[in-house]
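Reviewing the structure listed below.
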There are 2 protein chains.
Amino acid sequence: MSYSKYGMMKSMSPASPHEPGRAPEQSAAHGAASLPWAARVRASGLRVTKQRLAVLDALDHAPHATADQVLDRVRQSLPDITVQSVYTVLHSLTDAGLLRQLDLANSPARYETRVADNHHHAVCTECGRIEDVACAVGHAPCLTPAETHGMAIRVADVVYQGLCADCARREADAAPGTPSPRDAHQG
Amino acid sequence: MSYSKYGMMKSMSPASPHEPGRAPEQSAAHGAASLPWAARVRASGLRVTKQRLAVLDALDHAPHATADQVLDRVRQSLPDITVQSVYTVLHSLTDAGLLRQLDLANSPARYETRVADNHHHAVCTECGRIEDVACAVGHAPCLTPAETHGMAIRVADVVYQGLCADCARREADAAPGTPSPRDAHQG
DNA sequence: GTCCTTTTTATGAGCTACTCAAAATATGGC
DNA sequence: GCCATATTTTGAGTAGCTCATAAAAAGGAC
């Protein structure tokens, strides 16, 4: 099957729920700096480096960014960081459960700092815009598949596809008379 | 955003439900050969070529195959077909709605001929094994996200991740005392 | 069947996203 | 500050896919 050594690492981290973004303070473990991220990195058993903090900060400000986009942003504070370092940092932080990797069709991998809640994503098929969406309506069993072929399901990753409000409006303007596609919904 | 010209084309084809595999006979449009696929290709407005039929046949026999795996199988009957031709064929058939493209994490694109039902997939995080699973229990609204940010959702692509029966057994043998991971389930 | 137009495939080159190995450097416990 | 180890950098390489153009087939008209 030739899966890479990094395996499939999407959203497997069972962290406890809390607010995203600014990290939840590890009860001031050893009076760390005013940066919450430093404490969380440390608490994950990783060393705190400026590269890691910069990547985390970049993704805090631009969720769903690709490695390339992260690189651009990080270079504003660390002009000499290399592409490879960004990849390494993204991997180590993802393995540590501080980042979540997002794999969408026809797009390089994306990353986000919101790892605690198992939220899903809605992608506009027209413009590629990505929005976070909360878990599906109802309760967890909602996503229990009917027949699992003996597999013990751990996580359900859901990607909704549709038209964002902007694109829907644009499309409606382009083809008047055609009703807005807010109808069919195969689940 | 730099999405490729082929866009995100997963499971957008709203065909009517019927049995997968051997195609559903276009009511013998013009007494076509005994190959159902030829008729379906034709009905989609595409020309019937041996390359296309070979790719469809290959995917009938090996669902979820990658372009590479399709190439291997197709070469058994068409030894001179090129990689690029396989890519072209896969794209044209996907655009026509005769194939569905599957994008899983850390894996090249995969394809399947089962396009009519909007089924989902379960992937074993250990061995990469892929199984088809029917739509989630219950009814369509089951997958309606709570808050869509104004997006008109068309399709929900779900990838379940877990351990297949074989890997679960192997893991249980390796670490006795540790209970099987058939528990947590974040939806 | 033959001719002709259009679609499809083959050829060949090129690119993006990512990986790997080894050397240089920084972190953090002492 | 020192040292062991983790991390980043350097440099090279690969898989998977795309693009442009030329050659070849499909299929409708005759």
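Labels below follow one simple rule: chain letters A, B, ... track the order of the sequence lines, proteins then strands, and each chain is numbered from 1.
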Report summary line: To the nearest angstrom, the CG-P distance between L93(A) and dA6(D) comes to 16 Å

Query raised in the report: Just by modelled atom types, is the G162(B) backbone N or O under 3.5 Å from a matching donor or acceptor in the T125(B) side chain?
Result: yes

Report task. Side chain of Q51(B) only, please: which of dT9(C), dC18(C), dT8(D) is the nearest? Result -> dT9(C)

**Report entry** Spacing between H91(B) atom NE2 and dC17(D) atom C1', to the nearest angstrom
**Finding:** 8 Å

**Report entry** R75(B) side chain near I81(B) side chain, heavy-atom distance below 4.5 Å
**Finding:** yes

Query - Check ion pair R129(B)-E131(B) (N to O, under 4.0 angstrom) - result: yes

Report task. Starting from the 5' end of DNA chain D, give me the residue, D80(A) or A67(B), whose nearest nucleotide shows up first. Result -> D80(A)

Pairs under 3.5 angstrom, nitrogen or oxygen only, protein versus nucleotides 13-15 of chain C, please.
{"unit_1": "dA13(C)", "atom_1": "N6", "unit_2": "Q84(B)", "atom_2": "NE2", "d": "3.4"}

Requested in this report: Could you tell me whether D166(B) and R169(B) make a salt bridge, using a distance below 4.0 angstrom between a side-chain N and a carboxylate O?
Outcome: yes

Query raised in the report: Does the distance from a Lys or Arg side-chain N to an Asp or Glu carboxylate O, for D60(B) and R73(B), drop under 4.0 Å?
Result: no

Report summary line: Contacts of Y87(B) and T49(B) projected onto DNA chain D by closest heavy atom; the upstream (5') one is Y87(B)

Query raised in the report: Between dT5(D) atom P and L46(A) atom CG, what is the distance in whole Å?
Result: 17 Å

Report task. Have a look at V83(A) and say if it touches a base, only the backbone sugar-phosphate, or nothing, with a 4.0 Å heavy-atom cut-off. Result -> nothing

Query raised in the report: For the pair made of CG in L78(B) and P in dT8(C), what is the distance, rounded to whole Å?
Result: 17 Å

Query raised in the report: Are R42(B) and dG27(D) close enough that a side-chain N or O sits under 4.0 Å from OP1 or OP2?
Result: yes

Query - G45(B) vs A109(A), nearer the 5' end of DNA chain C by closest nucleotide - result: G45(B)

Query raised in the report: So, is R47(A) near the phosphate of dA26(C), with a side-chain N or O under 4.0 Å from OP1 or OP2?
Result: no

